[in-house]
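Numbers here simply count residues along the sequence, with the first being 1. Keep in mind that what you see is a predicted model, and the values were worked out from it rather than measured.
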Amino acid sequence: MGEVKVIGSTSSLFCTRVEWALKLKGVEYEYMHEDLRNKSPLLLKHNPVHKKVPVILHGDRAVAESLVILEYIDDTWKQNPLLPEDPYERSMARFWAKFSDEKAISQASPAVELGKTIMGEVKVIGSTSSLFCTRVEWALKLKGVEYEYIHEDVRNKSPLLLKHNPVHKKIPVILHRDRAVAESLVILEYIDDTLKQNPLLPEDPYERSTARFWAKFGDEKVRISVLNSLPWSEGEEKEKAIESARESLSFLEEQIEGKTFFGGEKIGFLDLAVGWIPLWLGIMEQIGEMKLLDAEKFPSLHEWSQNFIKIPLIKEALPPREELVDYFTPSVSYMRSLASQKQ
């Protein structure tokens, strides 16, 4: 009956219901992940009215709006019917589906309201070159929260950033209505406390404290040890720094061994906290001309790294690798010039 494609985002509940319908019908489809911050020509072509996901492409036809799509799927593929045969029961199903979207969600608790009305209410002040900002985006996407991204020039800090983070004057900062929250790990917990679905931290107090401990370790030990290895192009100092970085990574190897994610079977707080490893560590290895995350030395961490970066929701928030290489290379060159002057 023609090729089926879904233009959507894994962070959208409206896209998920379309996938459910296709799976119930046994229909194979291609999923085309849409960057909601930078809408593609394909989306704008096939949904020029609302410019939103989901859109289903079936042959030469495009259908938009998730509830409309569900009925199109049900009318096109007759097996496993979604709507009842009786006209009244069909009308009742349509009524309550519409009610759920327009009333139940909008009148839900403030936590659920956060997920629906974020547009214009939640803003992220950040930079795509920052691993700390990316982890905040991942958390928002996992929670299904829409947000506005305000790109910050970290070399020429804006009055908005200085106003909302006068203490550290750093990104990221999240603005939620009249509140400003800074520091990426603090922001992750604020998001998790505000929106309860898809929890990032475990319920058990000890497991929560353990996740926080290793997240802090990742920032203060692993990341710093990697950065310390960059100023040296060769020699004993470089070897010492590389050994220190590998020692730090070995602790994370123990934490991920035998697991799919640090959080268990699903992405959690610690996965987001050390989620910089798959891309940023690889770039540091390239620029620093060294190898830290060796597959033989760290098989579990290496496997997690390879799998984590392939997850569509994670991947779509990552900046282009080449862009980061160009951004960090001058800084590393400058660090090396200073180190050589001290020798």
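K240 has its side chain out of reach of I242: every pair of non-hydrogen atoms, C-beta onward, lies at least 4.5 Å apart. When side chains are defined from C-beta on, R321 counts as touching I283, because their heavy atoms get closer than 4.5 Å. A heavy-atom distance below 4.5 Å is not found between the side chains of E28 and V4. In this structure, N198 and I267 have side chains that are not in contact, with every pair of non-hydrogen atoms separated by 4.5 Å or more. Between P54 and I69 the shortest side-chain heavy-atom distance falls below 4.5 Å. Taking 4.5 Å as the limit, every side-chain heavy atom of S127 sits out of range of all side-chain heavy atoms of H151. Side chains of V136 and Y149 form no contact here, defined as non-hydrogen atoms less than 4.5 Å apart. I150 has its side chain within reach of L160: a pair of non-hydrogen atoms, C-beta onward, lies under 4.5 Å apart.
By the criterion of side-chain heavy atoms lying less than 4.5 angstrom apart, applied directly or through intervening Ile, Leu, Val, Met, Phe, Trp or Tyr residues, Y327 is grouped together with I287 in one hydrophobic cluster. Linking Ile, Leu, Val, Met, Phe, Trp and Tyr whenever their side-chain heavy atoms come within less than 4.5 Å leaves V63 and I7 in two separate clusters. No continuous path of hydrophobic side-chain contacts links V55 to V6 [ILVMFWY only; heavy atoms under 4.5 Å]. Linking Ile, Leu, Val, Met, Phe, Trp and Tyr residues whenever their side-chain heavy atoms come within less than 4.5 Å leaves L83 and V68 in two separate clusters. Using a 4.5 Å cut-off between side-chain heavy atoms of Ile, Leu, Val, Met, Phe, Trp and Tyr, with links allowed through other members, L227 and V222 fall into the same hydrophobic cluster.
The two residues W138 and L318 have their closest heavy-atom pair at CZ2-CD2, 3.6 Å. Shortest non-hydrogen contact noted between A241 and S229 is CB-CA, 3.4 Å. What you find for F269 and A215 is that their closest heavy atoms are CE2-CB, 3.6 Å. Shown here for K238 and E289, the closest heavy-atom pair between the two residues is CE-O, 4.1 Å. Pairing each heavy atom of D204 with each of E207, the nearest pair is OD2-N, 3.0 Å. Between A21 and I73 the shortest heavy-atom distance is CB-CD1, 3.9 Å.
Side chains of E3 and Y29: no donor on one and acceptor on the other come within 3.5 Å. E121 and Y147 share no donor-acceptor pair across their side chains, judged by distance under 3.5 Å alone.
For W276, the ring-ring contact (aromatic ring centres under 6.0 Å, His included) test picks out no residue, with sequence neighbours left out. For the side chain to side chain contact (heavy atoms under 4.5 Å, CB included) test, no residue two or more places apart in sequence or in another chain qualifies with D326.
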Q: Would you please test M290 and L230 for side-chain contact (heavy atoms from CB on, under 4.5 Å) and show each step?
A: CA-CA 9 Å; M290 57 189 177; L230 294 175; 3.7 Å; yes
Q.
Applying side-chain hydrogen bond (donor to acceptor under 3.5 Å, both in side chains) to S129 and E323, what does each step give before you reach the verdict?
A. CA-CA 8 Å; S129 63; E323 181 180 304; over 6 Å; no
Using atom types as modelled, flag every donor-acceptor pair under 3.5 Å from a side chain in residues 43-50 to any protein atom, sequence neighbours excluded.
residue	atom	partner	partner atom	Å
N47	OD1	H50	N	3.3
N47	ND2	K52	O	2.9

Enumerate donor-acceptor pairs with a distance under 3.5 Å from any side-chain N or O in residues 304-313 to protein atoms, sequence neighbours excluded.
residue	atom	partner	partner atom	Å
W304	NE1	D271	OD1	3.0
N307	ND2	E303	O	3.3

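L24 forms part of a hydrophobic cluster together with L82, judged by ILVMFWY side-chain heavy-atom separations under 4.5 Å.
Note on residues 61-74: pairs passing side chain to side chain donor-acceptor pair (under 3.5 Å), not counting sequence neighbours, are R17-S66, K25-D74, H58-Y72, E71-R94.
For K259 (side chain) and Q255 (main-chain N/O), a donor-acceptor pair under 3.5 Å exists by modelled atom type. Checking side-chain atoms of K196 against main-chain N and O of D193 turns up a donor-acceptor pair under 3.5 Å.
Ring-plane geometry between W214 and F217 is classed as perpendicular, the angle between the planes exceeding 60 degrees on a 0 to 90 degree scale with a lower cut at 30.
Looking at E316 and K141, a side-chain N of the basic residue comes within less than 4.0 Å of a carboxylate O on the acidic one, giving a salt bridge.
Taking a 6.0 Å sphere around NZ of K39, one finds it holds more than 12 heavy atoms contributed by other residues, nucleotides or ligands. The local environment of CD in Q79 is crowded, with over 12 non-hydrogen atoms from other residues, nucleotides or ligands closer than 6.0 Å.
With respect to V274, the side chain to side chain contact (heavy atoms under 4.5 Å, CB included) criterion is satisfied by exactly one of L252, D219, L249, L281: L252.
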